[in-house]
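Here's the structure we're looking at; comments come further down.
All of these numbers come straight from a predicted model, not from anything done at the bench.
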Protein chains: 2
Amino acid sequence: MGLIFSRQCEYALQALLYLALKPNGQMTSIKELTKRLNIPYHFLAKILQDLAHKELLHSLKGPTGGFSLGMPAQDITLFHVVEAVDGIGFTNSCVLGFKECSERNPCAVHEKWGSIRESVYDMLVSKNIAQMAREMKKPEYKPPFE
Amino acid sequence: MGLIFSRQCEYALQALLYLALKPNGQMTSIKELTKRLNIPYHFLAKILQDLAHKELLHSLKGPTGGFSLGMPAQDITLFHVVEAVDGIGFTNSCVLGFKECSERNPCAVHEKWGSIRESVYDMLVSKNIAQMAREMKKPEYKPPFE
DNA sequence: CTTATTTCAGAGTATTTAGTCTTAATTGGT
DNA sequence: ACCAATTAAGACTAAATACTCTGAAATAAG
């Protein structure tokens, strides 16, 4: 049912966005994240663990421990996250599910879908989470983590 | 993993397209369909059964029985099929998974995604399976059912 | 050194989606 | 009437995804 991205990926994006709003290097606990983002505790823990392995996050144990971004927020695009969590199979698969779909051998919506796919790709690479976090700070935006 | 549509939906689309190439009212057996489309027999049987319940297909038992389109091919759009099989949740859900995402309270990619979603919708309603089937008949197009 | 707090790791459960199997019902042809 | 071919139906298994639980390891603070 998840539209394009898995729920896991959505949660990852939400968490990274939340962390991007924090002062540089400040650690944030899973507890705080799940409380604000309304994501199941242990599930989020798994996801963050995974993101740490993939170096998108830095983690520290013990009291005062938690997670922080593994690199500058402006260097992390939506694409990075999606790639890390869901993979990028969508960039070359046929909407109708035909295995043999290609330029030479297109399905009936091959071209139309091609341009839509480009738009999606553009959206993913043109947005970094620093920008996005800033936009979400605007007063008229009531963030999901409130 | 399924890009946008479930595998079930992809199979349904492929089957309907195949049937749209058949002379009006001619019955086609599951056996023929699975052979040509390379879809697991019993799974396709379930899917077709379901499409028959939803009146997109007409079915007949017995020898010479099988399935045929439940209405003229030019009246069936991609949207009809997707709606029947997967539902149309994608028309109003947030890419980032925020529940509260709306015009008043947009996420950081709300507008960009909005226009992409419109393109997808356009693609789905502008194509009927008669057209699509015709395009697939072109000699340079090697259909998936060969 | 002890303790409280936190992530880490791995096993376990639940739900959904994908796919299978078996038996019954229908129907055309002989 | 009979037979063979076909869909109908429902229970079943498999795999993927979503989510939970428990115990261990790290570490900051007293």
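Applying the side chain to side chain donor-acceptor pair (under 3.5 Å) definition to pairs two or more places apart or across chains, those involving residues 115-126 of chain B are A:Lys112-B:Ser126. Residue pairs meeting the side chain to side chain donor-acceptor pair (under 3.5 Å) criterion with at least one member in residues 60-69 of chain A, sequence neighbours excluded, do not occur.
The distance from the CG atom of B:Leu69 to the CZ atom of B:Phe67 is 12.0 Å, given to the nearest 0.5 Å. Rounding to the nearest 0.5 Å gives a distance of 7.5 Å between CD of A:Glu10 and SG of B:Cys94.
B:Glu32 has its CD atom 13 Å from the C1' atom of D:dT6, to the nearest Å. Atom-to-atom, CD of B:Gln8 to C1' of C:dG19 comes out at 11 Å; the value is rounded to the nearest Å. For B:Arg7 and D:dA15, the CZ to P distance is 13 Å, given to the nearest whole Å. Here D:dA4 presents its P atom at 14 Å from NZ of B:Lys31, a figure rounded to the nearest Å. Between B:Ile39 atom CD1 and C:dA18 atom P there is a gap of 13 Å when expressed in whole angstrom units. Atom CG of B:Asp86 and atom P of C:dT16 are 15 Å apart (whole Å). Computed from coordinates, the B:Gln26 CD to D:dT6 C1' distance equals 15 Å when rounded to whole Å. Put simply, CZ on B:Phe5 is 17 Å from C1' on C:dT17, counting in whole angstrom units.
One side chain, A:Ser6 or A:Asp86, offers a donor N or O that lies under 3.5 Å from an acceptor on the other.
Under a 3.5 Å cut-off, the side chain of B:His80 and the backbone N or O of B:Thr77 do form a donor-acceptor pair.
Against DNA chain C, the stretch residues 40-52 of chain A makes heavy-atom approaches under 4.0 Å through A:Tyr41, A:Lys46, A:Gln49. Near-neighbour residues of DNA chain C inside residues 55-64 of chain B, defined by a heavy atom below 4.0 Å, number-ordered: B:Lys61, B:Gly62, B:Pro63, B:Thr64.
Scanning for side-chain hydrogen bond (donor to acceptor under 3.5 Å, both in side chains) contacts around A:Thr34 gives an empty result, with sequence neighbours left out. For B:Glu32, the side-chain hydrogen bond (donor to acceptor under 3.5 Å, both in side chains) partners are B:Tyr18, B:Lys22, not counting sequence neighbours.
Under 4.0 angstrom from either OP1 or OP2 of D:dA18 there lies no side-chain N or O belonging to A:Tyr11.
In this structure, the nucleotide among D:dA18, C:dT7, D:dT7 sitting nearest to the side chain of B:Ser29 is D:dT7.
In this structure, B:Leu56 and B:Ala84 approach most closely via the heavy-atom pair CD1-CB, 3.9 Å.
When the nearest nucleotides of DNA chain D are assigned to B:Gly65 and B:His53 by heavy-atom distance, the more 5′-ward of the two goes with B:Gly65.
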